[in-house]
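Below you'll find the structure, written out as structure tokens, and then a few comments.
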2 protein chains.
Amino acid sequence: MREGPDIARIASLVGDPARANMLNALMGGTALTATELALEAGVSLPTASSHLSKLMEGGLLTLASQGRHRYYGLASAQVAGMIEAIIGVAEAVGPKRVRPGPRDAAMRVARVCYDHLAGEQAVAMLDRLFDRKLLLREDNEIRLAPAGASHFTALGIDIDRKARRPVCRACLDWSVRRSHLAGTLGAAILDKIIAEKWARREKDSRAVVFSPTGRQAFEKVFLA
Amino acid sequence: MREGPDIARIASLVGDPARANMLNALMGGTALTATELALEAGVSLPTASSHLSKLMEGGLLTLASQGRHRYYGLASAQVAGMIEAIIGVAEAVGPKRVRPGPRDAAMRVARVCYDHLAGEQAVAMLDRLFDRKLLLREDNEIRLAPAGASHFTALGIDIDRKARRPVCRACLDWSVRRSHLAGTLGAAILDKIIAEKWARREKDSRAVVFSPTGRQAFEKVFLA
DNA sequence: AGGATGGTTCGATTGCGGTCGAAACATCCC
DNA sequence: GGGATGTTTCGACCGCAATCGAACCATCCT
């Protein structure tokens, strides 16, 4: 029994499903709040909080307190690299993914992520918004372009610039491994989708189901 | 909530102290028997056997049966790379052990990483190979330059281009936070170092110790 | 065949850690 | 101040997986 760095301690931190999901969500590079991470991980808030303090104690996360919000992020690129390496092995070793059930499929297409839309639809939407130069990539951040500001107000989407939350934020999607749009703008867009009755939230699920006409409307506006 | 690759499953395999010790022991690159691994891990034989079957099922190990001996080894260089990455994080966040022992110092200078050389010497070597344009950086990958191909064959280092493994790969070093050379070329170079008796492997350790003349020879060939 | 050595399976025990509800604490907003 | 929202702490519950001894299987040796 030879002594080395405590690799078991680090690995076991990642080895819990809830914590793994949190870390995966944080792989996008943007810090998230405890509540968001609880949702991503699918656990209650107390449980998430407990996990987060363990991850902090283990040195895998950093914490930035902003008022009553506490943003958790990966501690370093080294940690991110480790997680990438683990993901790599997991993909190589478990190519067989269990057949996704119907609800699972719906979740992949569109679901609620905290207060904004996630899933394939949301990822496609963000792509298009970049294409149309309504949003701009800046390093790991997203900025609202001037053209975007007028565009969204014209659509009746109110952009709350005063809120403490950022207007735009990238949020990593677990189904597609790409980013979708969070922040107040992301939230406002989801509000509109629900308000216009383009889609409804599935009961007791994060899934968001579009009606046929609603889907057309949504695609016309956001995926055109 | 649910995600693609089951990273928690893989990480939790490494997250048990007994299994972590086994994997750490296997990082030396030589396959070991169940009894040896039980000893390394400090657990009874039945316990070790149980762990080993879990690691096998998880795809982290390969098994080679030879008579009544069963030799367990790491399944792939990818798995080894993942473990290196975890070690790196553990080193970075771990309570720095007071005074790194002599063996620790040797490990930092040069050690075996699965089947290739790691440590400061290996990092310096890769730097020089880039400088001399024998290897080329390409995004995150490493390519063998035409000049490099002839150079290594002239040194009597055989490059197996047909193997499924890549010829060159970057592997992150835990002691220095930089990359060293893995892949078939990395393995071939380590082979040469041992074959030429420039260095020998420390018993029961991953450390690689250069002899004075061997060090000179190595530096002349690879660090010139 | 019989004994010795290497490995695995079985069964029972045990303790650690993940989980949540309720309550406490902190911060913001009006 | 008072109410709302975000977050952590507390306490209790429960399940799972790690552990080992003993029995069982496999292979080698003579």
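If you check every strand for non-hydrogen atoms under 4.0 Å, B:Tyr71 touches nothing. Using a 4.0 Å heavy-atom criterion, one finds that B:Ala48 contacts no nucleic acid atom at all. Heavy atoms of A:Ser49 sit under 4.0 angstrom from at least one base atom. Across all strands shown, B:Ser53 has no heavy atoms under 4.0 Å from either base or sugar-phosphate atoms.
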Item to check | Residue pair B:Leu60, B:Val14: steps toward the side chain to side chain contact (heavy atoms under 4.5 Å, CB included) verdict | outcome: CA-CA 9 Å; B:Leu60 299 191; B:Val14 189; 4.2 Å; yes
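Of the listed nucleotides (C:dG7, C:dC20, D:dG6), C:dC20 has the atom at the smallest distance from the side chain of A:Thr47. Checking D:dA18, C:dC20, C:dG17 against every side-chain atom of A:Ser44, the shortest atom distance belongs to C:dC20. You'll find that the side chain of A:Val43 is closest to C:dT19, out of D:dT7, C:dT19, D:dT19. Closest to the B:Tyr72 side chain, of the nucleotides C:dT8, D:dA18, D:dT8, is C:dT8. Among C:dG21, D:dT19, C:dG7, the nucleotide with an atom closest to any side-chain atom of A:Pro46 is C:dG21. Residue A:Ala34 places its side chain closer to D:dT8 than to any other of D:dC20, D:dT8, C:dG18. The side chain of B:His51 has D:dA18 as its nearest neighbour among C:dG7, C:dC20, D:dA18.
In plain terms, the two heavy atoms of A:Ala224 and A:Arg132 that are nearest each other are O-CD, 3.9 Å.
Using cut-offs of 30° and 60° for the angle between ring planes, the B:His116 and B:His180 rings count as tilted. Between A:Phe218 and A:Phe210, the ring planes are tilted. Angles from 30° to 60° get that label.
Side-chain nitrogen and oxygen atoms of A:Thr35 include at least one within less than 4.0 Å of the OP1 or OP2 phosphate oxygen of D:dT7. For the OP1/OP2 pair of C:dG17 and a distance below 4.0 Å, the side-chain nitrogens and oxygens of A:Lys54 include no atom meeting the criterion. Checking the phosphate oxygens (OP1, OP2) of D:dT8, a side-chain nitrogen or oxygen of A:Arg70 falls inside 4.0 Å.
For B:Arg19 (side chain) and B:Leu13 (main-chain N/O), a donor-acceptor pair under 3.5 Å exists by modelled atom type.
What separates CG of A:Leu45 from C1' of C:dG21 is a distance of 12 Å, to the nearest Å.
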